[in-house]
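Just so it is clear: chains get the letters A, B, ... in the order the sequence lines come, proteins before strands, and each one is counted from 1.
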Number of protein chains: 2
Amino acid sequence: MNEHSFRKGIVLVRPREGDKRRRIIDAAVHVFSERGFFNSRVNDVAEAAGVAGGTIYLYFKNKDDLLISVFEDRMDTILAMLKSELRKELNPSGQLKRFIELHLELVQRDQALADVLAVELRQSAKFVREYRARKFYEYLGVAEDILTDGIKDGSFRADIDPKLYRRALFGALDELTVMWLACAREDRPAPCSLNDAVNQVFNLFVSGLGPEAKL
Amino acid sequence: MNEHSFRKGIVLVRPREGDKRRRIIDAAVHVFSERGFFNSRVNDVAEAAGVAGGTIYLYFKNKDDLLISVFEDRMDTILAMLKSELRKELNPSGQLKRFIELHLELVQRDQALADVLAVELRQSAKFVREYRARKFYEYLGVAEDILTDGIKDGSFRADIDPKLYRRALFGALDELTVMWLACAREDRPAPCSLNDAVNQVFNLFVSGLGPEAKL
DNA sequence: CTTTTCTAAATGAATGTTCATTCATTATTG
DNA sequence: CAATAATGAATGAACATTCATTTAGAAAAG
């Protein structure tokens, strides 16, 4: 076995990671969205991914690990895009609107994922929640930064509590997501368009219910 | 069997409904809150209630029915109190604040119930969700009425969409509830007091992030 | 080039555990 | 005593996970 074949052997051995792992994650998003995590069998995901039931365990430790991997994989993508998009905004107000936009758009971009994120990851399973927390707080941190930047540059009031408002903002957006998911699932018309909702929520957070304020 | 013993038989037969059913429901709230619905066994609830496992099925059809009964029993109480309290408020603004107050207070009044309502009933099980919907929409309806009343009497802007805002309001409050529950569960200090949170959220919804408006 | 060998990936039946629910039996009450 | 409530072991189903076996693909040999 000379050097040539040695390098060939290293380079061309089939990788375990890659296409199949992604296929399984994609399948999991859809299956979990349709049936809920606890009502989904590992075999359902395997079938949807076009692999055998036991194959799942070549890539993931167990069923919980599958859900966690879905979350980490997708949150990384979402956070990267979120941060990249917000860098294009000139001020906190624009960032706030874009934040709202990107959050609400997820339903149309990837309904199954929005479903899994909104519903499944409010689970009670303790260690799943811990995994959620890290990325979740990163997401909240983005919202909080917008708020604190707005306070710094004077466009947001200084008496607001960013730690609290970031939660209120996320909660409001999350609930609207759930609302749309319910409409889609039940084939009901949504109360309004996505664009209207973005504007309404932005106005709610900027002006509240009282007279419009100038930013 | 004369008339006397006939009436005795009717009046004095041990009722199946009553104390034991309530004990089981109370126990279910606690067990579901601690472990999550899917990680709780029916036997866990039975033990917590001080009855045998099979007894549960004398009162409830199955495990799902238990969760549904928890929800219906407790939501009836919450809605009744909510409506009664709101009648004491003089205007929509006062009602809004009281609504926020009562929602957020649930965490301190009954943490386990708040947990079950906030977490467990975002479940994916389809028919459980349908049961949730009826009472949930009634709850949302209360919020919506406050908003539409405020529009009518001129204290809230006429360009808001009450159907959307009621969702945003509920979502924001729900998320704060989840925040407190997480703090309690992990023995972390909460970011602020309940009273501060009520004021902050009220101000957020009334004035938004911009300059304070006069109602 | 074809065939053989070897190794890693993939398969899917088997395994073991869990638990919701039932129901024969016991206990309680009037 | 009779009727009803309560009990808890038994039952059957479900399914996450394991692992013996098969398959696939790369490399070596002829």
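- Under 4.0 angstrom from either OP1 or OP2 of C/dA10 there lies at least one side-chain N or O belonging to A/Y59.
- For the pair A/I56 CD1 and D/dC15 C1', the computed distance is 14 Å after rounding to whole Å.
- Candidate nucleotides C/dT21, D/dG8, C/dA20 were compared by shortest atom distance to the side chain of B/R41, and C/dA20 ranks first.
- For the pair B/N39 CG and C/dA20 P, the computed distance is 11 Å after rounding to whole Å.
- For A/D44 and D/dA14, the CG to P distance is 13 Å, given to the nearest whole Å.
- Comparing atom distances between the A/T55 side chain and each of C/dC19, C/dT21, C/dT11 picks out C/dT11 as nearest.
- In this structure, B/E47 atom CD and C/dC19 atom P are separated by 12 Å, rounded to whole Å.
- Distance CG (B/L58) to C1' (C/dT26): 14 Å, rounded to an integer number of Å.
- For B/Y57, the listed nucleotide lying nearest its side chain is C/dA20; candidates were C/dA20, C/dA10, D/dG8.
- A salt bridge is defined here as a Lys NZ or Arg NE, NH1 or NH2 lying under 4.0 Å from an Asp or Glu carboxylate O, and B/E138 with B/K135 fails to meet this definition.
- A 4.5 Å side-chain heavy-atom check between B/L173 and B/F170 finds every atom pair outside the cut-off.
- Atom pair A/L66:CG and D/dA16:C1' shows a separation of 12 Å (rounding to whole Å applied).
- With respect to the salt-bridge test (charged N to carboxylate O, under 4.0 angstrom), the residues A/D145 and A/R166 do not qualify.
- One atom, CG of B/N62, and another, C1' of C/dC19, lie 14 Å apart when rounded to the nearest Å.
- At whole-Å resolution of the value, CG in B/N43 and P in D/dT7 are 11 Å apart.
- For the pair B/K63 and B/F37, the cation-pi test (distance below 6.0 Å, angle within 45°) is passed.
- Between D/dA6 and B/K20, a contact under 4.0 Å exists linking OP1 or OP2 to a side-chain N or O.
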